[in-house]
Amino acid sequence: MAATGLRFRPGTVFPSHAANPSTQPYHHCSPQRMHAAKGRCRLKAQSSNGRPQISASSFRDVVIDGRQSEDGAPEQGGATVSITVVGASGDLAKKKIFPALFALFYEDCLPEHFTVFGYARSKMSDEELRNMISLTLTCRIDQRENCSDKMEQFLKRCFYQSGQYNSEEGFSELDRKLREKEAGKLPNRLFYLSIPPNIFVDVVRSASRTASSSSGWTRFIVEKPFGRDSESSGELTRSLKKYLDEEQIFRIDHYLGKELVENLSVLRFSNLVFEPLWSRNYIRNVQLIFSEDFGTEGRGGYFDNYGIIRDIMQNHLLQILALFAMETPVSLAAEDIRNEKVKVLRSMRKLRLDDVVVGQYKGHSKGGKSYPAYVDDPTVPSGSITPTFAAAAVFIDNARWDGVPFLMKAGKALHTRRAEIRVQFRRVPGNLYRRNIGADLDKATNELVLRVQPDEAIYLKINNKVPGLGMRLDSSELNLLYSERYRREIPDAYERLLLDAMEGERRLFIRSDELDAAWAIFTPVLRELEERRVAPELYPYGSRGPVGAHYLAANYNVRWGDISSDT
Ligand SMILES: NC(=O)C1=CN([C@@H]2O[C@H](COP(=O)(O)OP(=O)(O)OC[C@H]3O[C@@H](n4cnc5c(N)ncnc54)[C@H](OP(=O)(O)O)[C@@H]3O)[C@@H](O)[C@H]2O)C=CC1
Ligand SMILES: O=C1O[C@H](COP(=O)(O)O)[C@@H](O)[C@H](O)[C@H]1O
């Protein structure tokens, strides 16, 4: 396989190469497989914008004989990357970022010379940070061979700096320690802002002034929420751009790092059977569904200021929609893809209040167990009307999608945890088998389901003849269940995105014009919901959500796919 310019990740092979051990997807890292994995993680030579970059591969290439000093810091020569997790004491850092960094290290996807720093106000020694990280290692790696050895090696590369978020002294001290670890190598620095949004700008101001790399790149991964509406988002962008170029800002939407979402474009653009059907001519409606079987437990304080529309719909579901509906990009380069996504978003109608249903979960007892209401959370103001559930019908006013309802549904404390994309096709015109199907022809239409999580799968519902002498049809599934088809584990979204940020690959990060277009769709309705104090429909914790969602779908002659079947 040609390597230059292409991105090879562990497992990016076609089955026809399976006989060649050097290209086999590796499942777990035996020494031989580790060697193969190194190759696959490291072959990328250019970032999507075509600029030469100090990619992970370059580290390995430049430092041919790189050695570590006692404390794990790299020695002279070559390049290095320092990853500073700002807000290191927080929930996301512990739950996702450190485990993802360790998984990348374990898979040999990090550069030869790297250092991880935690930064937060909490007082902690390096040892305490290491202890914290090791205790919260609940990643996919923890059952693997050599995990504890690798963990020890990883922890040696982790350090901590305590400081205020608006303090140039704190970040100057960090800069001093970073320089020490960089030990004269070409320094590249990645800051991950895993902090509440009200301090994003403080951190960027202080860190960019005092802790930017002197000669390598400096990048900032910015977590959501990117504002509450068009105005605050615009303000945030303007403030960040006082200190950073757009090129340095990596706005993360972790749904874009999920395997099935990444696969959406492959499915569409590399299979002849799908793309010709991908329009209003054959597709009746598209459904984007997110549900969680737990409430806002522990995050109520943050959540109450945002609500489910801002937490899930305006970003995760809308990003999936844009990828789903975009025209074929000129190439797979980040700017080509983001150009197409922004065109779709700009073609969308502003969401109307009549096309939205909001809900909030209420307390519920079942089987002797009681489940709290949203407003029982002590961090939620009493009498809050913040929606924990929303359903919406959105439309793309362009030639491809004119009149096709895109239905979104997102909720917390529902009966199941699931994220999926459902594509319901039109009925077969003049269907020869209509007698066998019955009166409701819409029930017998094809449905393509991409289950993003859990149990990743792609399946297509088709009408099929039940074997036998008669002519009875049923709805059956052509099912690609990932756990059966692929032996390898699916990486966490944060692994992919962290690696991308280090490689300067922006394809899965949100550009500022995409963000503006996304807020333009939702801001008017969010304002109206708040100004009119629209009361959410209450639904019991653990239920399927408000019935209003069914009426909304029925207005467009749609049945929710996740309700009508349970598959
Ligand atoms: N947690 C999650 O599942 C997800 C989080 N996010 C986003 O990631 C970011 C981080 O989230 P999360 O880790 O949950 O946040 P936390 O509330 O855990 O905050 C992270 C750290 O920031 C510091 N901090 C907290 N509140 C304040 C404050 N008011 N002023 C100054 N510092 C504060 C604390 O560190 P210290 O006191 O030590 O300085 C804390 O450990 C947020 O933007 C969030 O929206 C996005 C998706 C999912
Ligand atoms: O961004 C967010 O996502 C999580 C759900 O992420 P998942 O990868 O576990 O599906 C959600 O719980 C949280 O409220 C939201 O802020």
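Just so you know, ligand 1 is whichever comes first in the structure, and atom 1 is the first atom listed for that ligand.
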(message) Any salt bridge linking Glu262 with Arg507? Criterion: basic side-chain nitrogen under 4.0 Å from a carboxylate oxygen.
(response) yes

(message) Can a donor-acceptor pair be found, under 3.5 Å and without considering hydrogens, that links the side chain of Thr388 to the backbone of Tyr361?
(response) yes

(message) Strictly distance-based, threshold 3.5 Å: is any side-chain N or O of Arg219 a donor or acceptor partner for the main-chain N or O of Phe191?
(response) no

(message) Strictly distance-based, threshold 3.5 Å: is any side-chain N or O of Asn188 a donor or acceptor partner for the main-chain N or O of Trp217?
(response) yes

(message) Donor-acceptor pair, distance only, cut-off 3.5 Å: does the side chain of Trp519 make one with the backbone of Arg228?
(response) no

(request) Measure from NZ or CZ of Arg417 to the centre of the six-membered ring of Phe290, then state whether that distance is under 6.0 Å and the direction lies within 45° of the axis. (result) no

(request) May I ask you to check whether Tyr541 and His364 place their ring centres under 6.0 Å from each other? (result) no

(request) Can you label the angle between the Tyr119 ring and the Phe171 ring as parallel, tilted or perpendicular, going by 30° and 60°? (result) parallel

Which atom pairs, nitrogen or oxygen on both sides, join ligand 1 and the protein at under 3.5 angstrom?
{"residue": "ligand 1", "atom": "1 (N)", "partner": "Asp91", "partner atom": "OD2", "Å": "2.8"}
{"residue": "ligand 1", "atom": "3 (O)", "partner": "Lys95", "partner atom": "NZ", "Å": "2.7"}
{"residue": "ligand 1", "atom": "13 (O)", "partner": "Asp91", "partner atom": "N", "Å": "3.1"}
{"residue": "ligand 1", "atom": "13 (O)", "partner": "Leu92", "partner atom": "N", "Å": "2.8"}
{"residue": "ligand 1", "atom": "18 (O)", "partner": "Asp91", "partner atom": "N", "Å": "3.0"}
{"residue": "ligand 1", "atom": "32 (N)", "partner": "Arg121", "partner atom": "NH2", "Å": "3.2"}
{"residue": "ligand 1", "atom": "35 (O)", "partner": "Ser89", "partner atom": "OG", "Å": "2.9"}
{"residue": "ligand 1", "atom": "35 (O)", "partner": "Tyr165", "partner atom": "OH", "Å": "3.3"}
{"residue": "ligand 1", "atom": "37 (O)", "partner": "Arg121", "partner atom": "NE", "Å": "3.3"}
{"residue": "ligand 1", "atom": "37 (O)", "partner": "Arg121", "partner atom": "NH2", "Å": "2.9"}
{"residue": "ligand 1", "atom": "38 (O)", "partner": "Ser89", "partner atom": "OG", "Å": "2.7"}
{"residue": "ligand 1", "atom": "38 (O)", "partner": "Ser122", "partner atom": "N", "Å": "3.0"}
{"residue": "ligand 1", "atom": "38 (O)", "partner": "Ser122", "partner atom": "OG", "Å": "2.4"}
{"residue": "ligand 1", "atom": "39 (O)", "partner": "Arg121", "partner atom": "N", "Å": "2.8"}
{"residue": "ligand 1", "atom": "39 (O)", "partner": "Arg121", "partner atom": "NE", "Å": "2.9"}
{"residue": "ligand 1", "atom": "39 (O)", "partner": "Tyr165", "partner atom": "OH", "Å": "2.6"}
{"residue": "ligand 1", "atom": "41 (O)", "partner": "Ser89", "partner atom": "OG", "Å": "2.7"}
{"residue": "ligand 1", "atom": "41 (O)", "partner": "Gly90", "partner atom": "N", "Å": "3.1"}
{"residue": "ligand 1", "atom": "43 (O)", "partner": "Ile195", "partner atom": "O", "Å": "2.8"}
{"residue": "ligand 1", "atom": "43 (O)", "partner": "Lys224", "partner atom": "O", "Å": "3.0"}
{"residue": "ligand 1", "atom": "45 (O)", "partner": "Lys224", "partner atom": "O", "Å": "2.9"}

Contact table ligand 2 N or O to protein N or O, d under 3.5 Å:
{"residue": "ligand 2", "atom": "1 (O)", "partner": "Lys224", "partner atom": "NZ", "Å": "2.7"}
{"residue": "ligand 2", "atom": "1 (O)", "partner": "His316", "partner atom": "NE2", "Å": "2.8"}
{"residue": "ligand 2", "atom": "6 (O)", "partner": "His254", "partner atom": "NE2", "Å": "3.1"}
{"residue": "ligand 2", "atom": "8 (O)", "partner": "His254", "partner atom": "NE2", "Å": "2.8"}
{"residue": "ligand 2", "atom": "8 (O)", "partner": "Lys258", "partner atom": "NZ", "Å": "2.6"}
{"residue": "ligand 2", "atom": "10 (O)", "partner": "Tyr255", "partner atom": "OH", "Å": "2.4"}
{"residue": "ligand 2", "atom": "10 (O)", "partner": "Gln453", "partner atom": "NE2", "Å": "2.7"}
{"residue": "ligand 2", "atom": "12 (O)", "partner": "Glu292", "partner atom": "OE1", "Å": "3.4"}
{"residue": "ligand 2", "atom": "12 (O)", "partner": "Glu292", "partner atom": "OE2", "Å": "2.5"}
{"residue": "ligand 2", "atom": "12 (O)", "partner": "Lys412", "partner atom": "NZ", "Å": "3.4"}
{"residue": "ligand 2", "atom": "14 (O)", "partner": "Arg299", "partner atom": "NH1", "Å": "3.2"}
{"residue": "ligand 2", "atom": "14 (O)", "partner": "Asp311", "partner atom": "OD2", "Å": "2.6"}
{"residue": "ligand 2", "atom": "14 (O)", "partner": "Lys412", "partner atom": "NZ", "Å": "2.8"}
{"residue": "ligand 2", "atom": "16 (O)", "partner": "Lys224", "partner atom": "NZ", "Å": "2.6"}
{"residue": "ligand 2", "atom": "16 (O)", "partner": "Arg299", "partner atom": "NH1", "Å": "3.3"}
{"residue": "ligand 2", "atom": "16 (O)", "partner": "Asp311", "partner atom": "OD1", "Å": "2.6"}
{"residue": "ligand 2", "atom": "16 (O)", "partner": "Asp311", "partner atom": "OD2", "Å": "3.4"}

(request) Please check if any side-chain donor atom of Ser370 sits under 3.5 Å from a side-chain acceptor atom of Ser365, or the reverse. (result) no

